[in-house]
Amino acid sequence: MAEQWWRRPVLVDAALAVAVAAAVAIAIQVAGEPIERQADFLAYALGGLMGAVLLLRRRWPLAVLFATVAILLTYYSLDYPGLAPAVPLSAALFSTAVAGRFRWAILVAAAVVVGGLVARVIEFDMATLPVASAVITDGALLVSIVLLGETLRSRRERVEAEADRRVADERLRIAREMHDGLGQTIAAVNVQAGLADDVLDKNPARAREALQVIRQSTKEALQELKTVLTVLREGSETRQPGIDQLDELLDVARKAGLRVTSMTSGEPRPMSAEVDRTVYRIVQEAVTNTIRHANATTVTVELCYAPDSLIIEVTDNGTNTQPGNTSGFGLTGMAERVSALDGRLAADFLPDGGFRVRAELRT
């Protein structure tokens with residue numbers, strides 16, 4: 001969508017410049033302090049210049065602030081009608097604070113207030129109480145403007161940091177989804193390809209069956225990859241796999257040659273979308289590691305519904321005794337998913353052989 005015209009920076013700055021110039025002109029007309037010189041064309045020209053320099057405030061905010069102060073001092077030095085400094089300085093101070101020059105903005109505001117105090121006392125010989133009142137008013141207004149700019153800058157930085165964090169989290173989530181979704185399929189394809197190569201000459205029918213499994217598995221992998229890319233391209237919400245699709249997941253393991261046992265204890269109940277998806281991904285990654293690394297023949301998947309938690313346990317009878325072979329993004333991804341749900345994860349070798357992944361998720 002095209003940006004609405006009233007939000008374009010150039011038009012905003014132009015409108016601000018006109019508004020400040022007009023405000024200065026009005027302030028000159030209604031000035032009530034003692035004067036030695038009537039306002040003339042030069043006075044109003046200086047007021048217009050204070051507004052015009054704001055056109056450069058986004059690119060050179062500090063320079064615009066100094067230029068505004070210099071023009072204001074020139075105006076005062078020519079003994080024109082008294083002009084409250086907050087009128088021409090507000091926009092410049094605000095822009096400087098928003099640009100991250102908070103200290104300079106405060107320093108300039110303080111210098112202007114102190115300078116105004118000295119000028120009133122020395123030049124106009126004004127009473128202390130009126131002078132103090134005017135100084136407090138000018139100082140409070142200028143400091144409020146600077147603080148407003150600093151607050152806006154801080155809020156903008158927080159929003160940008162939050163946006164960056166969300167982008168990083170989304171990239172990590174997508175990486176996990178692609179790893180979890182494609183890893184098991186590729187592992188199964190690798191097993192079936194090795195089987196086909198082994199029996200191609202002796203048992204062509206078995207080799208053909210393995211190739212058919214490879215064909216189906218790669219088709220499913222391409223479909224999942226397409227789903228992830230669609231989410232990336234369009235930002236659409238696509239239904240994620242969950243507990244109700246575990247049977248399909250375990251069928252892939254069976255096609256890879258594993259004997260799979262699935263058990264459920266406790267009273268099944270609906271889970272949140274995040275827990276539902278995490279259960280699926282934990283089982284998927286654990287089974288994928290079994291296919292890839294464990295040299296196992298059997299795998300058991302058990303879900304235990306406790307009153308306030310769900311326990312997932314995946315055990316195989318593998319002979320691999322090298323923990324390093326199960327390291328990498330898989331277990332790290334599982335740990336991150338479980339931690340995000342304030343759960344606990346344990347992955348270790350069993351004394352009698354095999355490997356077990358146990359996760360407890362709060363529900």
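Nothing here was measured: the structure is a model prediction, and the numbers come from that model.
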Is any side-chain heavy atom of [X] less than 4.5 Å from a side-chain heavy atom of [Y]?
{"X": "Leu361", "Y": "Val338", "value": "yes"}
{"X": "Leu246", "Y": "Leu303", "value": "yes"}
{"X": "Met263", "Y": "Thr300", "value": "yes"}

Which pair of non-hydrogen atoms, one from [X] and one from [Y], has the smallest distance, and what is that distance?
{"X": "Thr278", "Y": "Arg337", "result": "CG2-CB, 3.9 Å"}
{"X": "Val260", "Y": "Ala253", "result": "CG2-CB, 3.9 Å"}
{"X": "Ala296", "Y": "Leu258", "result": "O-CD2, 3.3 Å"}
{"X": "Leu42", "Y": "Tyr80", "result": "CB-OH, 3.3 Å"}
{"X": "Gly51", "Y": "Ala17", "result": "O-CB, 3.0 Å"}
{"X": "Arg156", "Y": "Val98", "result": "NH1-CG1, 3.6 Å"}

_Audit row: Arg58, Asp13, side chain to side chain contact (heavy atoms under 4.5 Å, CB included) steps and yes/no_ = CA-CA 9 Å; Arg58 295 180 191 271; Asp13 291 346; 2.9 Å; yes
With a 3.5 Å distance limit and no angle check, can you tell me whether [X] reaches the backbone of [Y] through a side-chain donor-acceptor pair?
{"X": "Asp276", "Y": "Val279", "answer": "no"}
{"X": "Asp316", "Y": "Gly354", "answer": "no"}
{"X": "Ser339", "Y": "Glu336", "answer": "no"}
{"X": "Asn317", "Y": "Thr297", "answer": "yes"}
{"X": "Gln245", "Y": "Gly242", "answer": "yes"}

Between [atom1] of [X] and [atom2] of [Y], what distance do you get to the nearest 0.5 Å?
{"X": "Trp60", "Y": "Phe66", "atom1": "CH2", "atom2": "CZ", "result": "15.5 Å"}
{"X": "Leu345", "Y": "Arg358", "atom1": "CG", "atom2": "CZ", "result": "10.5 Å"}
{"X": "Ser95", "Y": "Arg153", "atom1": "OG", "atom2": "CZ", "result": "14.0 Å"}
{"X": "Leu310", "Y": "Met271", "atom1": "CG", "atom2": "CE", "result": "4.5 Å"}
{"X": "Glu313", "Y": "Thr315", "atom1": "CD", "atom2": "OG1", "result": "4.5 Å"}
{"X": "Ser309", "Y": "Asp342", "atom1": "OG", "atom2": "CG", "result": "11.5 Å"}

_My understanding is that only one of Leu89, Val146, Leu147, Leu152 makes a side chain to side chain contact (heavy atoms under 4.5 Å, CB included) with Phe94; could you say which?_
Leu152
*asked:* Ignoring hydrogens and geometry beyond distance, is a side-chain donor-acceptor pair present between Tyr280 and Asp244 at under 3.5 Å?
replied: no
*asked:* How about CZ on Arg155, more than 12 heavy atoms from neighbouring residues, nucleotides or ligands closer than 6.0 Å, or not?
replied: no
*Determine whether more than 12 heavy atoms belonging to other residues, nucleotides or ligands lie under 6.0 Å from atom CZ of Arg254.*
yes
*Mind running side chain to side chain contact (heavy atoms under 4.5 Å, CB included) on Glu302 and Thr264 for me, showing each step along the way?*
CA-CA 6 Å; Glu302 183 176 0; Thr264 300; over 6 Å; no
*From CA spacing to verdict: side chain to side chain contact (heavy atoms under 4.5 Å, CB included), Tyr305, Glu267*: CA-CA 6 Å; Tyr305 290 86; Glu267 186 66 28; 5.6 Å; no
Check whether [X] and [Y] end up in the same hydrophobic cluster, where Ile, Leu, Val, Met, Phe, Trp and Tyr are linked by side-chain heavy atoms less than 4.5 Å apart.
{"X": "Ile311", "Y": "Val275", "answer": "no"}
{"X": "Val18", "Y": "Val12", "answer": "no"}
{"X": "Leu350", "Y": "Val283", "answer": "no"}
{"X": "Leu62", "Y": "Leu73", "answer": "yes"}
{"X": "Ile71", "Y": "Leu78", "answer": "yes"}

*Check against side chain to side chain contact (heavy atoms under 4.5 Å, CB included), Val24 and Tyr75*: CA-CA 11 Å; Val24 172; Tyr75 176 91; over 6 Å; no
*Start with the C-alpha distance between Asp308 and Arg362, add both sets of side-chain angles, then the distance that settles salt bridge (charged side-chain N to carboxylate O under 4.0 Å, His left out), and finish with yes or no.*
CA-CA 6 Å; Asp308 58 353; Arg362 293 182 178 276; 5.0 Å; no
